[in-house]
Amino acid sequence: MKELAAKYSAAQVEDKWYQYWLEHKCFHSEPNEKEPYTIVIPPPNVTGILHMGHVLNNTLNDVLIRKARMDGKNACWVPGTDHASIATESKVVAKLKAMGISKEEIGREEFLKHAWEWKEEHGGIILQQLRKLGCSCDWDRTRFTMEPELSEAVINTFVYFYKKGWIYKGVRMVNWDPEALTAVSDDEVIHKDTKSHFYHLKYFISDGNGHPTDKYLVIATTRPETIMADAAICVNPKDERHFWLKGKKVLIPLINREIPVIEDDYVEMDFGTGCLKVTPAHDVHDYEIGLRHNLPVLEIIDDHGRLNEKALILVGEDRFVARKKIVKMLEEAGNLLKVEDYTSPVGYSERTDAVIEPKLSAQWFLKMETLARMALETVESGRTKFIPEKYVNTYRHWMENARDWCISRQLWWGQRIPAYYLPDGSYVVEATPEAALKAAQAINPEIKAEDLRQDEDVLDTWFSSWLWPVSVFDPQKPGHPDHKPNRDLAYYYPTNDLVTGPDIIFFWVARMIMAGEEFMGKEPFSNVYFTGIVRDKIGRKMSKTLGNSPNPLDLIQTYGADAVRIGMLLCSSAGNDIFYDEAQIKQGAAFCNKIWNSYRLVKGFAVDASAQPSQAARVAMEWFKAKLSEAVLQVEDHYGKFRISDALMTIYKLFWDDYCSSYLEAIKPAFGQPVDRLTYDTTLSFFEDLLKLIHPVMPFITEELWQDLAEREEGETIMFAPAPKAVAYDAAVLEHFAMAMEAVNGVRGVRNQRNIAPKEVLTLKIKGSAFPSEVIPIVEKMGNAKVETAGGFEGVQGVGFLVRTHEMMVVLDGMVNLQEEIEKTQKELEHQQKFLAGVRGKLSNERFVSNAPAAVIENERKKEADALSRIESLESKLKQMKEN
RNA sequence: GGGCGGUUAGCUCAGCUGGUUCAGAGCACCUGCCUUACAAGCAGGGGGUCACUGGUUCGAAUCCAGUACCGCCCACCA
């Protein structure tokens, strides 16, 4: 046995054991006869780096997977990354831009080469970082959403839904991100209340020849830069104020284009001026009004958010610059009536934070109706449970209102939509160009391969990640519901638990459920555990710009991965946001050190094979055995309810308070004395159980000590050591020990108050013989006191206290201020009398006695009896003290 | 605007379908200790009208209603 350092050093331990686990393939899983326990990782962005949110999430995942492994299940945690089309593409675009290259210049193929290079260079860093955290992922199964097999799955899925009639292409108003230059789905738009202005503009009535009369109407708009695209002015047909406008034409300010006044119920009479400018090309509702009234669509904003030549004025200006300028022009032209401050919700792109521009364009959509209905049923029926449950409401609301999913993106990094256009503009959808050619030739036999043009768009990244729980095992399955699942899929699917943030409940969780139900006819996981968002100490979200996000790797470097894991878990109850505080990680590090030193203590004992355990040691061993079982049951219960931080706290207290502060102190031999064999062996076996109990949370230090505990075979690991099981125990054992500790606390309290050194042996008198005698050795050992149960307290001076109903006194001849003691006792007596009065009040209440359950009444009677007994002894004590 | 959740100690939270001497935990704080495993430690201690108001009940932190504040999700009033 090597010398153990006085402090635990994580740095020297963690990499060593991670390597060991890798070398012995401890994380790898293959289907076998055991029950599977499966988790698929929420795939991080391939080019992302580890942040505190990942740490929280993956720590939880790892705790669950390690727990399952020790419970004897065949645990499989599939890792991987997501290609994150918008995020990655914009990074590559930025990089090229720095080199003076634009993506249009080099074209799709060349661009993708750069993108793949980028991916190879930066991709998977995050997976390396997860290793530092101790994550026991099956790295042999690492997947990437854009690897060939998974891309094929995505394409097959597209073709499948297209042929099913659920995918369609349509010209719609979509959310256009002028920075990323792509459409995004409704879910990727974040509405934020934004301060702006309400501009009241005069539109003069036309005389019929394109000249203004002196009459005018007033519209109110937040977007004056779009007036050049106006197609009409709309009023409510019931609005008497505007009857005179019927059939009139008005002139758009500045450009003097004539537009009609139309009527539509959509316009609210009591909002704004009751006159609405209709701009079909740049507003969703206006577009719909336009459809109803056959209005022309005039688009004046280009993809970058700049005014184009159709605007006639301010051409080339950015929309926000144009807004400022046009306001001035309107003012000068006499069209600006007034400007009000106004706050309204504005849509921002989730990815780029650019203000979303509603834009009319041809996009691909997936019908949600049936999928949403199925996926709602999965959760409502409880086949998939949400933890915490409150998210079911959120989920239901979304599922009941799900709109068709815009799945096309005007990007290159992603799976390209397998639609192939014929020269006449019609198209076919097939998984491969060959199949597409065949299909096209069925329409027109003349068609050659080079006549076909594939759709330029790629698919939304979520359109690949929604297949994740299926495709990581069997990429052939999605898109082919009739395909017989391969061995892996049949064994590992459905997965057990999913741990993720609530921010992607719709993006990802809901859609995985849809895909799982559609292709497997079964939910993809049994439980979804939603973590909170990691915030800083004062509640702000962690962000790069605030600089309040620590680098997890630095923390691991400083405190060790075990400490970081503990720190995150300590404050993480499900569904609550996490207020990150480095102090918690320090607490974790302190715990590591505590574990380390408790081992050092025991390992430092000299063992005398012939000696017998002391009385105190015998009692302590019996007690701790029971205590351990009790804790195991509690821990199991907590895990079962996904109360991971509670499970951790239970173990933490078991280790620190019960094992270290109570048990070890009870069995500790006198200085320089050996310990007997039985006590020694039992203690180490308790310690081993504790290590196993904590291992899922603190994998490294537990492995280090477990390996040191005994000779282990090469390749053996605590990872597969069976978790400690609870055994039947006698509750009285726990109860009596607790009473002994209360007596000990009483003695210690007296010492503290009177500054009596711990080394000085005291005498503790216990009145009567009812106090459980078997734990008296504990009282003596831990209180460093001699216990006397014989005889009364007559003529003895000391400080008294009560343990339950047992009267005790620390003998302190000549050191007691009698008056003080009398006052203290008097106070205690009054307290007890009040308590008794309360209990008796209840018991004398007719309605309580007749209504309350028998057990409750019984308990009240016991309280009464206990109080009476205490009062009696206090009174006699008082009397005695006064006589002295 | 609609919906959901929350408010318990200085901080972060637990307290399940009302009744264990129910007001708890961890951290922080205060006091005393460098007692030969650990000062990243040991021993002891203080601290809360359970947001507010009313109701139901023999009994409410717990159930109901309303109020206030906080947070989240959804949402097209220009």
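Sequence lines set the chain letters: A, B, ... in the order given, protein chains first and strands last, and positions in each chain run from 1.
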**Q** For B:U21, take OP1 and OP2 only and decide whether either is under 4.0 Å from a side-chain N or O of A:K863.
**A**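 Affirmative; the distance criterion is met.
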**Q** Can you see if the side chain of A:R403 gets near the phosphate of B:A75 - specifically, an N or O under 4.0 Å from OP1 or OP2?
**A**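 For B:A75, OP1/OP2 do have a side-chain N/O of A:R403 under 4.0 Å.
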**Q** Does a nitrogen or oxygen in the side chain of A:K7 sit under 4.0 Å from OP1 or OP2 of B:C38?
**A**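 For B:C38, OP1/OP2 do not have a side-chain N/O of A:K7 under 4.0 Å.
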**Q** Please find out if less than 6.0 Å separates the ring center of A:Y342 from that of A:F198.
**A**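 Yes: the rings meet the under 6.0 Å criterion.
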**Q** Kindly say whether the aromatic ring centers of A:F655 and A:Y659 come within a distance under 6.0 Å.
**A**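 When the ring centroids of A:F655 and A:Y659 are compared, they turn out to be within the sub-6.0 Å range.
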**Q** Is the CD atom of A:E872 crowded by more than 12 outside heavy atoms at less than 6.0 Å?
**A**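 No, not enclosed.
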**Q** Calculate the interatomic distance between A:D658 atom CG and B:A25 atom C1'; express it in whole Å.
**A**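 In whole Å, B:A25 C1' and A:D658 CG are 14 Å from each other.
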**Q** Do we count A:W596 as stacking onto B:C38 if the rule is ring centres under 5.5 Å and planes under 30°?
**A**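 Stacking is absent between B:C38 and A:W596, given that the ring centres and planes do not meet under 5.5 Å and under 30°.
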**Q** Once you apply the 3.5 Å cut-off to both distances, tell me the Watson-Crick or G-U wobble partner of B:C69, or none.
**A**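 With both distances under 3.5 Å, B:C69 matches B:G6.
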**Q** Taking only the side-chain nitrogens and oxygens of A:N593, find out if one of them lies under 4.0 Å from OP1 or OP2 of B:G41.
**A**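 Checking B:G41 against A:N593, no side-chain N or O comes under 4.0 Å of OP1 or OP2.
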**Q** Give me the distance, rounded to whole Å, that separates B:C16 from B:A60 when you measure between the C1' atoms they each carry.
**A**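 Going atom to atom, C1' in each nucleotide, I get 16 Å.
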**Q** Within the 4.0 Å heavy-atom criterion, would you say A:R643 contacts the bases, only the backbone, or no part of the nucleic acid?
**A**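 The residue A:R643 makes sugar-phosphate contact but no base contact.
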**Q** Can you tell me if the side-chain N/O atoms of A:K594 get under 4.0 Å from OP1 or OP2 in B:C42?
**A**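 For B:C42, OP1 or OP2 has a side-chain N or O of A:K594 closer than 4.0 Å.
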**Q** Can A:R223 and A:E225 be counted as an ion pair, charged N to O under 4.0 angstrom?
**A**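 Salt bridge between A:R223 and A:E225, a charged N being under 4.0 Å from a carboxylate O: yes.
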**Q** Picking from B:C38, B:C77, B:C74, which would you name as closest to the side chain of A:H397?
**A**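 Within the option list, the nearest is B:C74.
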**Q** Among the candidates B:G26, B:A43, B:C73, find the nucleotide nearest to the side-chain atoms of A:R748.
**A**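 Output: B:A43.
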**Q** Give the ring-plane orientation class for A:W596 versus A:Y8, where under 30° counts as parallel, over 60° as perpendicular and anything between as tilted.
**A**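 Rings of A:W596 and A:Y8: tilted, 30 to 60°.
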**Q** Looking only at the side chains, is there a donor atom on one of A:T683 and A:Y663 sitting less than 3.5 Å from an acceptor on the other?
**A**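 Side-chain D/A pair, A:T683 to A:Y663: present.
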**Q** Taking NZ, NE, NH1 and NH2 as the nitrogens, is one of them in A:E340 or A:K338 under 4.0 Å from a carboxylate oxygen of the other?
**A**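 Yes, this pair counts.
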**Q** Quick one: is B:A25 close enough that its OP1 or OP2 comes under 4.0 Å of any side-chain N or O from A:W656?
**A**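 It does not, given that no N or O in the side chain of A:W656 lies less than 4.0 Å from OP1 or OP2 of B:A25.
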**Q** What's the gap between B:C50 and B:G3 when it is taken at their C1' atoms, as a whole Å value?
**A**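 Their C1' atoms lie roughly 27 Å apart.
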**Q** Does A:N745 make a side-chain N or O approach to OP1 or OP2 of B:G44 shorter than 4.0 Å?
**A**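 Answer yes for this pair, as a side-chain N or O of A:N745 is under 4.0 Å from OP1 or OP2.
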**Q** Is it true that a side-chain atom of A:S844 and a backbone atom of A:G841 form a donor plus acceptor pair closer than 3.5 Å?
**A**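 Confirmed, A:S844 side chain pairs with A:G841 backbone.
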**Q** Report the distance from atom NZ of A:K781 to atom C1' of B:U35, rounded to the nearest whole Å.
**A**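 My rounded result for the distance is 14 Å.
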**Q** Find the distance A:F579:CZ to B:C11:P and express it as a whole number of Å.
**A**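 Rounding to the nearest Å, CZ of A:F579 and P of B:C11 are 11 Å apart.
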**Q** Indicate, with a heavy-atom threshold strictly under 4.0 Å, whether A:S598 touches base, sugar-phosphate, or nothing.
**A**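 Answer is base: heavy atoms of A:S598 come under 4.0 Å of a base.
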**Q** Please classify the nucleic acid contact of A:S850 as base, sugar-phosphate, or nothing, using heavy-atom distances under 4.0 Å.
**A**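 Nothing, no nucleic acid heavy atom in range.
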**Q** Hey, which of these two, A:D193 or A:V267, hits RNA chain B nearer its 5' end, going by closest nucleotide?
**A**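 Final value for this comparison: A:D193.
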**Q** Distance between the C1' atoms of B:U21 and B:G2, in whole angstroms?
**A**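 Their C1' atoms lie roughly 47 Å apart.
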**Q** With a 3.5 Å limit on both atom pairs, tell me what B:C29 is paired to, counting Watson-Crick and G-U wobble, or say none.
**A**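 Its partner is B:G45.
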**Q** For B:A43, does either OP1 or OP2 sit under 4.0 Å from a side-chain N or O belonging to A:S661?
**A**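 Checking A:S661 against B:A43: at least one side-chain N or O falls below 4.0 Å of OP1 or OP2.
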**Q** Which part of the nucleic acid, if any, lies within reach of A:P853 when heavy atoms closer than 4.0 Å are counted: base, sugar-phosphate only, or nothing?
**A**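 Base contact - A:P853 has a heavy atom under 4.0 Å of at least one base atom.
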**Q** Specify the separation, in whole Å, of atom CD of A:E268 and atom P of B:A78.
**A**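 Roughly 11 Å, once rounded to whole Å.
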**Q** Taking for each residue the nucleotide of RNA chain B with the nearest heavy atom, is it A:N851 or A:E665 whose nucleotide lies nearer the 5' end?
**A**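 Counting from the 5' end, the first nearest nucleotide belongs to A:E665.
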**Q** Taking 4.0 Å as the cut-off, does a side-chain nitrogen or oxygen of A:Y342 come that near to OP1 or OP2 on B:A78?
**A**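 Indeed, a polar side-chain atom of A:Y342 lies that close.
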**Q** Both distances below 3.5 Å, Watson-Crick or wobble geometry, any strand: find the nucleotide opposite B:C63.
**A**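 Base partner found: B:G55.
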**Q** Strictly below 4.0 Å, heavy-atom distances to any atom of RNA chain B: list the hits from residues 837-849 of chain A, or just say none.
**A**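 Only A:N845, A:R847, A:F848 qualify.
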**Q** Give the rounded distance in Å between these two atoms: CG of A:L664 and P of B:A43.
**A**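 That distance rounds to 12 Å.
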**Q** Does A:K668 reach a base, just sugar-phosphate, or nothing at all? Heavy atoms under 4.0 Å.
**A**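 Touches a base.
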**Q** Would you mind reporting whether A:M173 and A:D286 have side-chain heavy atoms less than 4.5 Å apart?
**A**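 The answer is no, as the side chains (C-beta and beyond) never meet within the 4.5 Å cut-off.
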**Q** Which base, if any, makes a Watson-Crick or G-U wobble pair with B:C16, both distances under 3.5 Å?
**A**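 The answer is none; no pair meets the criterion.
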**Q** Please tell me if A:Y652 has a side-chain N or O lying less than 4.0 Å from either OP1 or OP2 of B:C27.
**A**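 Checking B:C27 against A:Y652, a side-chain N or O does come within under 4.0 Å of OP1 or OP2.
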